[in-house]
Amino acid sequence: MNLFAEIRALVIARLEEMVASGALPGGLDMAAVAVEPPRDGAHGDMATNAAMVLARPAGQPPRAIAEGLAARLAADPRILTAEVAGPGFLNLRLAPESWRGVVRAALAEGRDFGRSDIGRGVRVNVEFVSANPTGPMHVGHTRGAVFGDALAALLDFAGHAVTREYYINDGGAQVDVLARSAYERYREANGLSPEIAEGLYPGDYLIPVGEALKARYGDSLLDRPEADWLAEVRDFATAEMMQMIRDDLALLGVRMDVFTSEKAITASGKIEEAIETLRGMGLIYEGTLEPPKGKLPEDWEEREQTLFRSTLHGDDVDRPVKKSDGSWTYFAPDIAYHWDKVSRGFDQLIDVLGADHGGYVKRLKAVVSALSSGRVPLEVKLIQLVKLWKNGEPFKMSKRAGTFVTLRDVVEQAGPDVTRFVMLTRKNDAALDFDFDKVLEQSKDNPVFYVQYAHARVSSVIRKATEAGIAADDATLAGADLDHLGHEAELALARKIAEWPRLVEIAARGQEPHRIAFYLYELASDLHALWNRGNEDGSLRFVQEDKGISQAKIALARAAGVVISAGLGILGVTPAEEMR
RNA sequence: GGCCCCGUAGCUCAGGGGAUAGAGCGACCGCCUCCUAAGCGGUAGGUCACAGGUUCGAAUCCUGUCGGGGCCGCCA
């Protein structure tokens, strides 16, 4: 139930009538006609720009169109008044019954209230995290994980068929480095002193891996050439790292549908397959690249390599897929992986990447565009940096060699709910400050707390009512006589609730889960405001002497609670029943 | 040199063609005999970086400039 969509449909229907009656010319494009909350609530409940948008194509002054439309809209029982204002806005005031309908719908539909079908079942693959299996997840991964998970949930709520996917980079040189690093820890476990050379991973987290290797292989891998143990140690250590990463994700409450291995993709011959497909399109050639502009690498020399003609698909320069020695570049498995995703039948791909991958976006888009013949759009969401703060100053990485602020560090200090909510209070392409002090503060300065508190207050009201012998379960509330609602402060909250389905669609279209967080803050604010009105005017309190009146008022509160609960659900945050 | 992101109140940030640009913090003034005051109401605070352009209408779209950040050969 989306009241804004319903009123927009009404507006369009009346405009069509005007066309049919000759009041407007035929062939008008109504796509730009919008029905929105006005910026200033004093103007009305909803406003439409229809007259201004149609004035030019219709060849009529906007106010004339608006007046004709107003007369037709005013006849509808849902519309109380329709007034022309300003340059041609049509301000609508809705009958209180419309708002009561919203409350009823929220109670009847529960956490499904606000679900949308704008996604029309489109199959979307959201790839996120994809941290290299060489160590624990750090803060940057955390934000990407939270964002990707919330985006996936949002798209699902808006009617897309979503797959959450993790790409395991287990095929590059970095996992050989991991293997060598783990091997040193294995030697250490066997009583030898490890030689953590420059370039190896020095982190303590590999010590247990070394011990596990000892438990499995005893001393049988000692004093053997690397060629004898590299593959086995690599596979073992990679599996250990992935288990650690899965544990970290579980700690955050992030769930993946699919893990795809780079190694498996490579072994299956998909790289060759994808490259040959591109070659068949005339997009692969042998050539040399211009040296990069700006500061030239010291050892730059022109060499011939195998190149992908990504410039034909919007990139700035062509990109190497093979090094001059004939081996694949890092880009090649990525081509194969995206080819794999395209061939699995997704209608849309989303990659959530760190901002340092900014230079990589165009070539990925070029590949997907080429390999899907333009059928599958790829969106790349770049996640900007997280700056950690503690005690009023930047929180530096630990100086202990090889350690950094991990996902586990953050979640264990702040908790998963706080971590998730805070990381979703900024759009993905803006840097985020994460202040451990503020984030744990229990005041309205802390949006997580503020929203949680609103939900807890709703639960509290229901508890109080139940104690007083007033039935306040959802089924009873859904049948409450909402004619008892009518005060301006109550309708204001209902109006905000009515915006939820619209907000979901806006957020989903823009792929902007942060809008959910901001909306929830506003909704919580309206609930707190109404609550406090009850302090001044007893008739606005939720729990009343009269059972029927109480149930109507609690129904409104519960409707807000349901929306908070649904919204927090998208963000992956647990709603609080009480504040402790 | 090129590409991407950012620039809105003292601070942190929403808003991304529509009316008088919003919120929180900080400042100031108020509100608990009463469902959680962990809250609420009010006052003060703005050249939406700058300059052009498109439009009936620009903080929003386009171009350019300035400032901040990120990235830029066969590293992953």
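Throughout, a chain's letter reflects where its sequence line sits, starting with A, and its residues are numbered from 1. In this text the structure is predicted, and so the values were computed from the model without any measurement.
Here the nucleotide nearest the side chain of V53(A), chosen from rG18(B), rG73(B), rC3(B), is rG18(B). Comparing atom distances between the A47(A) side chain and each of rA19(B), rC35(B), rG39(B) picks out rA19(B) as nearest. Distance from the side chain of N535(A) is smallest to rA37(B) among rA19(B), rA37(B), rC75(B). With rC35(B), rC5(B), rC40(B) as the candidates, the nucleotide lying closest to the side chain of Q384(A) is rC5(B). Side-chain atoms of A529(A) lie closest to rC40(B) of the nucleotides rA37(B), rG18(B), rC40(B). Nearest nucleotide to the side chain of D40(A), out of rU20(B), rG18(B), rC40(B): rU20(B). Listed nucleotides: rA38(B), rG18(B), rC74(B). Nearest to the side chain of Q442(A): rA38(B).
rG42(B) and rA23(B) have their C1' atoms separated by 15 Å, with the value rounded to a whole Å. Using C1' as the reference atom, rU54(B) and rC61(B) are 8 Å apart when rounded to the nearest Å. Here, rA14(B) and rG70(B) have their C1' atoms 23 Å apart, quoted to the whole Å. Taking the P atoms as reference points, rG17(B) lies 15 Å from rU63(B), given to the whole Å. rA9(B) and rC5(B) have their C1' atoms separated by 23 Å, with the value rounded to a whole Å. rG41(B) and rG24(B): their P atoms are spaced 8 Å apart (whole Å). Atom name C1', nucleotides rC29(B) and rA44(B): the rounded distance is 11 Å, in whole Å. rA51(B) and rU12(B) have their C1' atoms separated by 29 Å, with the value rounded to a whole Å.
Residue contacts for A34(A): at a heavy-atom cut-off of 4.0 Å it reaches no nucleic acid atom on any strand shown. G538(A) comes within 4.0 angstrom of no nucleic acid atom, judged by non-hydrogen atoms across all strands. No contact: A468(A) has no heavy atom under 4.0 Å from any strand. D356(A) comes within contact range of the sugar-phosphate backbone alone, with a heavy-atom separation under 4.0 Å but no base atom that close. G359(A) comes within 4.0 angstrom of sugar-phosphate atoms only, judged by non-hydrogen atoms across all strands, and of no base. Heavy atoms of E441(A) sit nowhere under 4.0 angstrom from any nucleic acid atom.
In summary, E488(A) and R495(A) engage in a salt bridge, as defined by a charged side-chain N under 4.0 Å from a carboxylate O. E441(A) has no carboxylate O lying under 4.0 Å from a charged side-chain N of K438(A), or vice versa, which leaves the two without a salt bridge. Contact check on D437(A) versus K390(A) returns no salt bridge, with no Lys/Arg side-chain nitrogen under 4.0 Å from an Asp/Glu carboxylate oxygen. The residues R93(A) and E83(A) are annotated as not salt-bridged, no charged nitrogen and carboxylate oxygen being separated by less than 4.0 angstrom.
Atom pair R541(A):CZ and rC34(B):P shows a separation of 9 Å (rounding to whole Å applied). One interatomic measurement links the two molecules: CD of Q305(A) to C1' of rC74(B), which rounds to 5 Å at whole-angstrom precision. Distance CD (E536(A)) to C1' (rG42(B)): 12 Å, rounded to an integer number of Å. rC3(B) atom C1' lies 12 Å from atom CG of L382(A), rounded to whole Å. Rounded to whole angstrom, the span from the CZ atom of R319(A) across to the P atom of rC74(B) amounts to 9 Å. If you measure from atom CG of L54(A) to atom P of rU55(B), you get 19 Å, rounded to the nearest angstrom. Distance CH2 (W328(A)) to P (rG73(B)): 21 Å, rounded to an integer number of Å. Residue L289(A) contributes atom CG, which lies 21 Å from atom P of rG1(B) at whole-angstrom precision.
Anti is the classification of rC25(B), since its glycosidic angle lies more than 90° from 0.
Between W531(A) and F542(A), the ring planes are tilted. Angles from 30° to 60° get that label.
In terms of position on RNA chain B, the residue among Y521(A) and H43(A) whose nearest nucleotide sits closer to the 5' end is H43(A). Place T48(A) and R363(A) on RNA chain B by their nearest nucleotides, and T48(A) ends up nearer the 5' end.
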Run K553(A) and E490(A) through salt bridge (Lys or Arg N to Asp or Glu O under 4.0 Å) and show every step you take.
CA-CA 8 Å; K553(A) 291 177 185 295; E490(A) 293 167 341; 2.5 Å; yes

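The base of rG39(B) sits within donor-acceptor range of the side chain of N532(A), with an N or O pair under 3.5 Å. Side chain N91(A) to base rA19(B): a donor-acceptor pair is found below 3.5 Å.
rA19(B) has F89(A) stacked on its base ring, the centres lying under 5.5 angstrom apart and the planes within 30 degrees of parallel.
Look at S460(A) and you'll find a side-chain N or O under 4.0 angstrom from OP1 or OP2 of rU36(B). Within the 4.0 Å cut-off from OP1 or OP2 of rC40(B), not a single side-chain nitrogen or oxygen of Y453(A) is found. Regarding contacts with the backbone of rU36(B), a side-chain N or O of K464(A) is found under 4.0 angstrom from either OP1 or OP2.
Residues K381(A) and F128(A) have side chains not in contact (no heavy-atom distance under 4.5 Å, counting atoms from C-beta outward). Within the 4.5 Å cutoff, the side chain of D235(A) has heavy atoms near those of the K263(A) side chain. Residues T425(A) and H514(A) fail the side-chain proximity criterion, which asks for heavy atoms closer than 4.5 Å.
Aromatic ring centres of F434(A) and F436(A): separated by under 6.0 Å.
Partners of D176(A) by salt bridge (Lys or Arg N to Asp or Glu O under 4.0 Å), not counting sequence neighbours, listed by chain and number: R234(A).
A cation-pi arrangement, defined by a distance under 6.0 Å to the six-membered ring centre and an angle within 45 degrees of its axis, is present between R502(A) and F4(A).
For RNA chain B, runs of at least 3 consecutive pairs of the Watson-Crick or G-U wobble type, with both hydrogen-bonding distances under 3.5 angstrom, map to B:1-7 with B:66-72, B:10-13 with B:22-25, B:27-31 with B:39-43, B:49-53 with B:61-65.
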Dump every N/O contact between nucleotides 8-16 of chain B and the protein below 3.5 Å, one line per pair.
from	atom 1	to	atom 2	distance (Å)
rC13(B)	O5'	R426(A)	NH1	3.0
rC13(B)	O3'	R426(A)	NE	3.3
rC13(B)	O2'	R426(A)	NH2	3.3
rG15(B)	OP1	H514(A)	NE2	2.9
rG15(B)	OP2	K427(A)	NZ	3.3
rG16(B)	OP2	R515(A)	NH1	3.4
rG16(B)	OP2	R515(A)	NH2	2.3
rG16(B)	O6	K427(A)	NZ	2.9

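T238(A) and D170(A) form no side-chain donor-acceptor contact under 3.5 Å, judged by distance and modelled atom types alone.
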